[in-house]
Amino acid sequence: ASMGGVMTVAYMTEYGYGKLNKCVFLSSAFYGAKVVSELFKGRVEARPEALYNFVYDNFGGSGISRFFIKTLARLGAFRVVSSVLNAFLNEYKQLFYDELLKECFCHTLSFWALVLPEDYDDCISYIFGDSMDENAEFIAKTDKLQQMMAGRDALLKEAAETGGVQLHIITTYNSAHVPLYPSAVLNGDNGLETAYMSGGARVADYGKALPDEITNSGSLYVSADGVVDASTCLFPDSTWFIKDGPHVGFSYGTDCADFLLWILDYDGQ
(Lines give C-alpha, C1' and ligand atoms only; values in the text may rest on other atoms or scores of the structure.)
Protein backbone atom coordinates (compact mmCIF):
# COMPACT_ATOMS: atom_id res chain seq x y z
CA ALA A 1 0.00 0.00 0.00
CA SER A 2 1.27 3.45 -0.99
CA MET A 3 5.01 3.60 -0.22
CA GLY A 4 4.87 -0.16 0.37
CA GLY A 5 5.06 -0.59 -3.40
CA VAL A 6 8.59 0.81 -3.40
CA MET A 7 9.46 -1.41 -0.44
CA THR A 8 8.18 -4.42 -2.37
CA VAL A 9 10.28 -3.59 -5.42
CA ALA A 10 13.27 -3.15 -3.09
CA TYR A 11 12.62 -6.55 -1.47
CA MET A 12 12.32 -8.31 -4.82
CA THR A 13 15.44 -6.58 -6.13
CA GLU A 14 17.45 -7.66 -3.11
CA TYR A 15 16.01 -11.13 -2.37
CA GLY A 16 14.17 -12.22 -5.50
CA TYR A 17 10.61 -13.54 -5.53
CA GLY A 18 11.07 -17.22 -4.71
CA LYS A 19 9.07 -16.89 -1.48
CA LEU A 20 6.30 -14.77 -2.97
CA ASN A 21 2.96 -16.23 -4.04
CA LYS A 22 0.94 -13.06 -4.51
CA CYS A 23 1.61 -9.34 -4.59
CA VAL A 24 -1.18 -6.76 -4.52
CA PHE A 25 -0.22 -3.13 -5.10
CA LEU A 26 -2.88 -0.95 -3.43
CA SER A 27 -2.80 2.78 -4.28
CA SER A 28 0.89 2.17 -4.65
CA ALA A 29 3.80 4.42 -5.53
CA PHE A 30 5.71 1.55 -7.14
CA TYR A 31 5.87 3.48 -10.45
CA GLY A 32 6.97 6.83 -9.04
CA ALA A 33 5.01 10.02 -8.45
CA LYS A 34 4.90 13.22 -10.45
CA VAL A 35 4.24 15.28 -7.33
CA VAL A 36 7.59 14.27 -5.83
CA SER A 37 9.47 14.91 -9.09
CA GLU A 38 8.06 18.41 -9.45
CA LEU A 39 8.46 19.43 -5.82
CA PHE A 40 12.05 18.18 -5.80
CA LYS A 41 12.71 20.25 -8.94
CA GLY A 42 11.46 23.36 -7.19
CA ARG A 43 8.28 23.53 -9.22
CA VAL A 44 5.81 24.95 -6.73
CA GLU A 45 2.94 26.59 -8.54
CA ALA A 46 -0.82 27.08 -8.22
CA ARG A 47 -2.63 26.90 -11.56
CA PRO A 48 -6.21 28.20 -11.90
CA GLU A 49 -7.51 24.93 -13.36
CA ALA A 50 -5.95 22.85 -10.59
CA LEU A 51 -7.32 25.22 -7.96
CA TYR A 52 -10.79 25.01 -9.49
CA ASN A 53 -10.58 21.20 -9.59
CA PHE A 54 -9.58 21.01 -5.95
CA VAL A 55 -12.39 23.31 -4.78
CA TYR A 56 -14.98 21.59 -6.99
CA ASP A 57 -13.90 18.12 -5.84
CA ASN A 58 -13.91 18.96 -2.14
CA PHE A 59 -16.79 21.44 -1.87
CA GLY A 60 -19.01 20.74 -4.88
CA GLY A 61 -21.21 18.22 -3.15
CA SER A 62 -24.55 19.84 -3.91
CA GLY A 63 -26.11 21.40 -6.99
CA ILE A 64 -26.05 24.85 -5.41
CA SER A 65 -22.38 24.66 -4.46
CA ARG A 66 -21.41 23.35 -7.91
CA PHE A 67 -23.31 26.23 -9.55
CA PHE A 68 -21.59 28.73 -7.26
CA ILE A 69 -18.10 27.31 -7.93
CA LYS A 70 -18.66 27.28 -11.71
CA THR A 71 -19.90 30.87 -11.56
CA LEU A 72 -16.75 31.91 -9.70
CA ALA A 73 -14.69 30.20 -12.41
CA ARG A 74 -16.51 32.06 -15.19
CA LEU A 75 -15.91 35.34 -13.37
CA GLY A 76 -12.17 34.63 -13.22
CA ALA A 77 -11.99 34.22 -9.45
CA PHE A 78 -9.63 31.25 -9.61
CA ARG A 79 -7.20 33.15 -11.84
CA VAL A 80 -7.08 35.95 -9.28
CA VAL A 81 -6.64 33.60 -6.32
CA SER A 82 -3.95 31.65 -8.17
CA SER A 83 -2.07 34.87 -8.92
CA VAL A 84 -2.15 35.90 -5.26
CA LEU A 85 -1.20 32.42 -4.09
CA ASN A 86 1.72 32.24 -6.54
CA ALA A 87 3.00 35.59 -5.32
CA PHE A 88 2.90 34.23 -1.76
CA LEU A 89 4.61 30.98 -2.81
CA ASN A 90 7.37 32.85 -4.64
CA GLU A 91 7.95 35.07 -1.63
CA TYR A 92 8.31 32.18 0.83
CA LYS A 93 9.42 29.38 -1.50
CA GLN A 94 13.02 29.30 -0.31
CA LEU A 95 11.92 29.28 3.32
CA PHE A 96 9.50 26.43 2.55
CA TYR A 97 12.30 24.38 1.01
CA ASP A 98 14.99 25.20 3.56
CA GLU A 99 12.89 24.81 6.70
CA LEU A 100 10.42 22.10 5.75
CA LEU A 101 10.79 20.21 2.50
CA LYS A 102 14.54 19.60 2.53
CA GLU A 103 14.59 18.58 6.18
CA CYS A 104 11.44 16.46 6.27
CA PHE A 105 11.27 14.96 2.79
CA CYS A 106 14.39 15.49 0.69
CA HIS A 107 16.55 13.68 3.22
CA THR A 108 14.11 10.80 3.53
CA LEU A 109 15.78 8.28 1.26
CA SER A 110 12.70 6.38 0.08
CA PHE A 111 11.16 9.47 -1.54
CA TRP A 112 13.98 9.46 -4.09
CA ALA A 113 12.62 6.19 -5.49
CA LEU A 114 9.50 8.16 -6.45
CA VAL A 115 11.39 10.70 -8.55
CA LEU A 116 10.77 9.97 -12.23
CA PRO A 117 13.94 9.03 -14.16
CA GLU A 118 13.66 11.96 -16.58
CA ASP A 119 13.60 14.38 -13.63
CA TYR A 120 16.24 12.81 -11.42
CA ASP A 121 19.30 14.86 -12.43
CA ASP A 122 17.35 18.11 -12.20
CA CYS A 123 16.05 17.15 -8.76
CA ILE A 124 19.51 16.33 -7.45
CA SER A 125 20.84 19.61 -8.80
CA TYR A 126 18.01 21.68 -7.33
CA ILE A 127 17.96 20.10 -3.87
CA PHE A 128 21.68 19.77 -3.25
CA GLY A 129 23.10 22.48 -5.51
CA ASP A 130 26.44 23.61 -4.08
CA SER A 131 26.37 20.96 -1.34
CA MET A 132 26.91 17.94 -3.60
CA ASP A 133 30.19 16.97 -1.97
CA GLU A 134 28.91 16.99 1.60
CA ASN A 135 25.88 14.96 0.51
CA ALA A 136 27.85 12.56 -1.68
CA GLU A 137 27.16 9.53 0.51
CA PHE A 138 23.41 10.20 0.49
CA ILE A 139 23.36 10.86 -3.26
CA ALA A 140 25.14 7.55 -3.86
CA LYS A 141 22.18 5.87 -2.16
CA THR A 142 19.64 7.80 -4.23
CA ASP A 143 21.55 6.72 -7.34
CA LYS A 144 21.17 3.11 -6.23
CA LEU A 145 17.43 3.60 -5.73
CA GLN A 146 17.08 5.01 -9.24
CA GLN A 147 18.98 2.01 -10.63
CA MET A 148 16.58 -0.25 -8.73
CA MET A 149 13.56 1.50 -10.25
CA ALA A 150 15.10 1.32 -13.72
CA GLY A 151 15.02 -2.48 -13.44
CA ARG A 152 11.52 -2.57 -11.94
CA ASP A 153 9.47 -3.40 -15.06
CA ALA A 154 11.65 -6.30 -16.15
CA LEU A 155 11.76 -7.67 -12.60
CA LEU A 156 7.98 -7.56 -12.09
CA LYS A 157 7.26 -9.04 -15.53
CA GLU A 158 9.70 -11.86 -14.87
CA ALA A 159 8.13 -12.55 -11.48
CA ALA A 160 4.63 -12.69 -13.00
CA GLU A 161 5.37 -14.49 -16.26
CA THR A 162 8.02 -17.02 -15.26
CA GLY A 163 8.15 -16.88 -11.47
CA GLY A 164 4.53 -17.75 -10.80
CA VAL A 165 3.85 -14.66 -8.70
CA GLN A 166 0.22 -13.50 -8.88
CA LEU A 167 0.41 -9.74 -9.41
CA HIS A 168 -2.57 -7.42 -9.02
CA ILE A 169 -2.66 -3.63 -9.10
CA ILE A 170 -5.52 -1.67 -7.52
CA THR A 171 -5.66 2.04 -8.20
CA THR A 172 -8.27 4.73 -7.66
CA TYR A 173 -9.21 7.87 -9.54
CA ASN A 174 -11.55 10.84 -9.82
CA SER A 175 -10.09 13.01 -7.06
CA ALA A 176 -8.25 16.30 -7.51
CA HIS A 177 -4.80 17.01 -6.08
CA VAL A 178 -3.69 19.80 -3.79
CA PRO A 179 -3.01 22.62 -6.32
CA LEU A 180 0.59 23.35 -5.43
CA TYR A 181 2.49 21.84 -8.39
CA PRO A 182 2.03 22.16 -12.17
CA SER A 183 0.81 18.60 -12.75
CA ALA A 184 -1.88 18.87 -10.06
CA VAL A 185 -4.37 18.89 -12.97
CA LEU A 186 -3.79 15.15 -13.38
CA ASN A 187 -6.35 12.63 -12.21
CA GLY A 188 -5.65 10.78 -8.99
CA ASP A 189 -6.75 10.02 -5.45
CA ASN A 190 -5.82 13.36 -3.85
CA GLY A 191 -2.37 11.98 -3.08
CA LEU A 192 -0.87 10.08 -6.02
CA GLU A 193 -1.54 10.25 -9.75
CA THR A 194 -3.56 7.40 -11.26
CA ALA A 195 -1.31 7.08 -14.31
CA TYR A 196 1.62 6.12 -12.08
CA MET A 197 -0.28 4.09 -9.46
CA SER A 198 -1.59 1.92 -12.30
CA GLY A 199 1.77 1.26 -13.89
CA GLY A 200 1.35 3.40 -16.98
CA ALA A 201 -2.34 3.81 -17.88
CA ARG A 202 -3.44 6.67 -20.12
CA VAL A 203 -5.63 8.82 -17.90
CA ALA A 204 -7.45 12.03 -18.75
CA ASP A 205 -6.90 15.07 -16.55
CA TYR A 206 -9.33 15.49 -13.67
CA GLY A 207 -12.80 16.41 -14.91
CA LYS A 208 -12.03 15.52 -18.52
CA ALA A 209 -12.20 12.52 -20.86
CA LEU A 210 -9.69 10.93 -23.21
CA PRO A 211 -9.75 11.86 -26.93
CA ASP A 212 -12.63 10.51 -29.01
CA GLU A 213 -10.39 8.18 -30.99
CA ILE A 214 -9.65 6.34 -27.72
CA THR A 215 -13.09 6.45 -26.10
CA ASN A 216 -14.79 5.34 -29.32
CA SER A 217 -12.26 2.63 -30.18
CA GLY A 218 -14.33 -0.18 -28.68
CA SER A 219 -11.36 -1.30 -26.58
CA LEU A 220 -12.21 -3.33 -23.48
CA TYR A 221 -9.40 -1.50 -21.69
CA VAL A 222 -11.18 1.89 -21.85
CA SER A 223 -13.36 2.74 -18.86
CA ALA A 224 -17.06 3.37 -19.42
CA ASP A 225 -16.67 7.04 -18.47
CA GLY A 226 -13.86 7.51 -21.00
CA VAL A 227 -11.32 8.60 -18.41
CA VAL A 228 -8.96 5.60 -18.27
CA ASP A 229 -7.27 3.49 -20.94
CA ALA A 230 -5.58 0.54 -19.27
CA SER A 231 -4.09 -0.93 -22.45
CA THR A 232 -0.76 0.79 -21.80
CA CYS A 233 -0.40 -0.56 -18.25
CA LEU A 234 2.45 -2.84 -17.27
CA PHE A 235 -0.17 -5.50 -16.42
CA PRO A 236 -3.35 -4.44 -18.26
CA ASP A 237 -5.24 -7.66 -17.48
CA SER A 238 -4.69 -7.52 -13.73
CA THR A 239 -4.97 -3.81 -13.04
CA TRP A 240 -8.15 -2.58 -11.39
CA PHE A 241 -9.50 0.98 -11.28
CA ILE A 242 -11.95 2.15 -8.62
CA LYS A 243 -13.71 5.42 -9.32
CA ASP A 244 -13.99 7.70 -6.26
CA GLY A 245 -12.01 5.23 -4.20
CA PRO A 246 -9.78 6.53 -1.39
CA HIS A 247 -6.00 6.42 -1.18
CA VAL A 248 -5.35 3.11 0.61
CA GLY A 249 -8.05 3.65 3.29
CA PHE A 250 -10.49 0.87 2.36
CA SER A 251 -12.62 0.88 5.53
CA TYR A 252 -13.81 -2.55 6.66
CA GLY A 253 -17.31 -3.39 5.48
CA THR A 254 -17.21 -1.16 2.39
CA ASP A 255 -17.38 -2.42 -1.21
CA CYS A 256 -13.72 -1.37 -1.64
CA ALA A 257 -12.65 -3.48 1.34
CA ASP A 258 -14.70 -6.46 0.18
CA PHE A 259 -13.06 -6.23 -3.25
CA LEU A 260 -9.57 -6.06 -1.73
CA LEU A 261 -10.24 -9.07 0.51
CA TRP A 262 -11.57 -11.00 -2.49
CA ILE A 263 -8.41 -10.24 -4.49
CA LEU A 264 -6.23 -11.31 -1.56
CA ASP A 265 -8.13 -14.56 -1.15
CA TYR A 266 -8.53 -15.41 -4.84
CA ASP A 267 -6.19 -18.14 -6.05
CA GLY A 268 -5.01 -17.40 -9.57
CA GLN A 269 -4.47 -14.59 -12.03
Would you sort out whether T239 and F25 count as a side chain to side chain contact (heavy atoms under 4.5 Å, CB included), showing the intermediate values? CA-CA 9 Å; T239 302; F25 290 111; over 6 Å; no
Candidate pair N187 and V227, rule side chain to side chain contact (heavy atoms under 4.5 Å, CB included), full reasoning: CA-CA 9 Å; N187 214 315; V227 175; 3.5 Å; yes
Could you go through the side chain to side chain contact (heavy atoms under 4.5 Å, CB included) check for Y17 and L156 one step at a time? CA-CA 9 Å; Y17 43 79; L156 293 177; over 6 Å; no
Run the side-chain hydrogen bond (donor to acceptor under 3.5 Å, both in side chains) test on Y120 and T142 for me, step by step, so that the C-alpha distance in whole Å, both residues' side-chain angles and the decisive distance to 0.1 Å come before the verdict. CA-CA 9 Å; Y120 178 65; T142 67; 2.6 Å; yes
Between Y92 and F96, is a ring pair (Phe, Tyr, Trp, His ring centres under 6.0 Å) present by the stated rule, with each step listed? CA-CA 6 Å; Y92 294 100; F96 168 70; over 10 Å; no
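Under 3.5 Å, the side chains of Y252 and D258 contain no donor-acceptor pair of N or O atoms. For the residue pair Y206 / E49, no side-chain donor-acceptor distance below 3.5 Å is found, with atom types taken as modelled. No hydrogens or angles considered: nothing links the side chains of T254 and S251 as a donor-acceptor pair under 3.5 Å. Side chains of D244 and Y173: a donor-acceptor N/O pair is absent below 3.5 angstrom, by distance only. Looking only at atom types and distance, the side chain of Y221 has no donor-acceptor partner in the side chain of T232 under 3.5 Å away. Donor-acceptor pairing under 3.5 Å is lacking for the side chains of N190 and S175. Looking at T172 and H247, their side chains never bring a donor and an acceptor atom within 3.5 Å of each other.
In the hydrophobic clustering of this structure, V36 groups with I124; members are Ile, Leu, Val, Met, Phe, Trp, Tyr whose side-chain heavy atoms approach within less than 4.5 Å, directly or through other members. One hydrophobic cluster, built from ILVMFWY side chains closer than 4.5 Å, cannot hold both M197 and F259; they sit in different ones. In this structure, L109 is a member of the same hydrophobic cluster as Y126, with clusters built from ILVMFWY side-chain heavy atoms closer than 4.5 Å. When the side chains of ILVMFWY residues are joined at heavy-atom separations under 4.5 Å, either directly or via intervening members, Y196 and V6 end up in a single hydrophobic cluster. L116 and I127 fall within a single hydrophobic cluster, where Ile, Leu, Val, Met, Phe, Trp and Tyr side chains are chained together by heavy-atom contacts under 4.5 Å.
Rounding to the nearest 0.5 angstrom, the gap separating the CG atom in L101 from the NZ atom in K93 is 11.0 Å. One distance of note links CG of L210 with CG of D205; it measures 9.5 Å at 0.5 Å rounding. The structure places CZ of R152 at 13.0 Å from OG1 of T8, a figure rounded to the nearest 0.5 Å. Note: L260 CG to D265 CG = 11.0 Å, rounded to the nearest 0.5 Å. Here the OG1-CG distance, from T215 to D229, works out to 10.0 Å after rounding to the nearest 0.5 Å. Rounded to the nearest 0.5 angstrom, S27 OG and I169 CD1 are separated by 12.0 Å.
In L220, the CG atom is not crowded: 12 or fewer heavy atoms of neighbouring residues, nucleotides or ligands sit closer than 6.0 Å. No more than 12 heavy atoms of other residues, nucleotides or ligands sit less than 6.0 Å from atom CD of E137. Other residues, nucleotides and ligands contribute at most 12 non-hydrogen atoms within 6.0 Å of the CD1 atom of I64. Within 6.0 Å of the NZ atom in K102, the count of heavy atoms belonging to other residues, nucleotides or ligands exceeds 12. Counted within 6.0 Å of CE on M148, heavy atoms from surrounding residues, nucleotides or ligands total more than 12; the atom is thus considered enclosed. Heavy-atom neighbours of D133 CG from other residues, nucleotides or ligands within 6.0 Å: at or below the threshold of 12. Heavy atoms of other residues, nucleotides or ligands lying less than 6.0 angstrom from NZ of K157 number more than 12.
Between H107 and F138, a ring centre-to-centre spacing shorter than 6.0 Å is recorded. Taking the six-membered ring where the residue is Trp, the centroids of Y56 and Y52 are separated by under 6.0 Å. Taking the six-membered ring for Trp and the full ring otherwise, the centers of F105 and F40 sit at least 6.0 Å from each other.
Considering only heavy atoms from C-beta on, S110 comes within 4.5 Å of M3 through its side chain. Proximity of M132 to I139: side-chain heavy atoms (C-beta onward) are separated by under 4.5 Å at one or more points. In this structure, the side chains of R202 and S231 come closer than 4.5 Å at one or more pairs of heavy atoms. Side chains of W112 and D143 form no contact here, defined as non-hydrogen atoms less than 4.5 Å apart. Side-chain contact check for S183 versus E193: every heavy-atom pair is 4.5 Å or farther apart. A heavy-atom distance below 4.5 Å is not found between the side chains of F30 and M149. V24 has its side chain within reach of L264: a pair of non-hydrogen atoms, C-beta onward, lies under 4.5 Å apart. Side-chain contact between N21 and Q166 is present, with at least one heavy-atom pair separated by less than 4.5 Å.
Stacking of K41 on the aromatic ring of Y181 is not recorded, the 6.0 Å distance cut-off and the 45° axial limit not both being met.
The backbone N or O of F241 sits nowhere less than 3.5 Å from a side-chain atom of T171 that would complete a donor-acceptor pair.
For D153, the side-chain contact (heavy atoms from CB on, under 4.5 Å) partners two or more places apart in sequence, or in a different chain, are Y31, L234.
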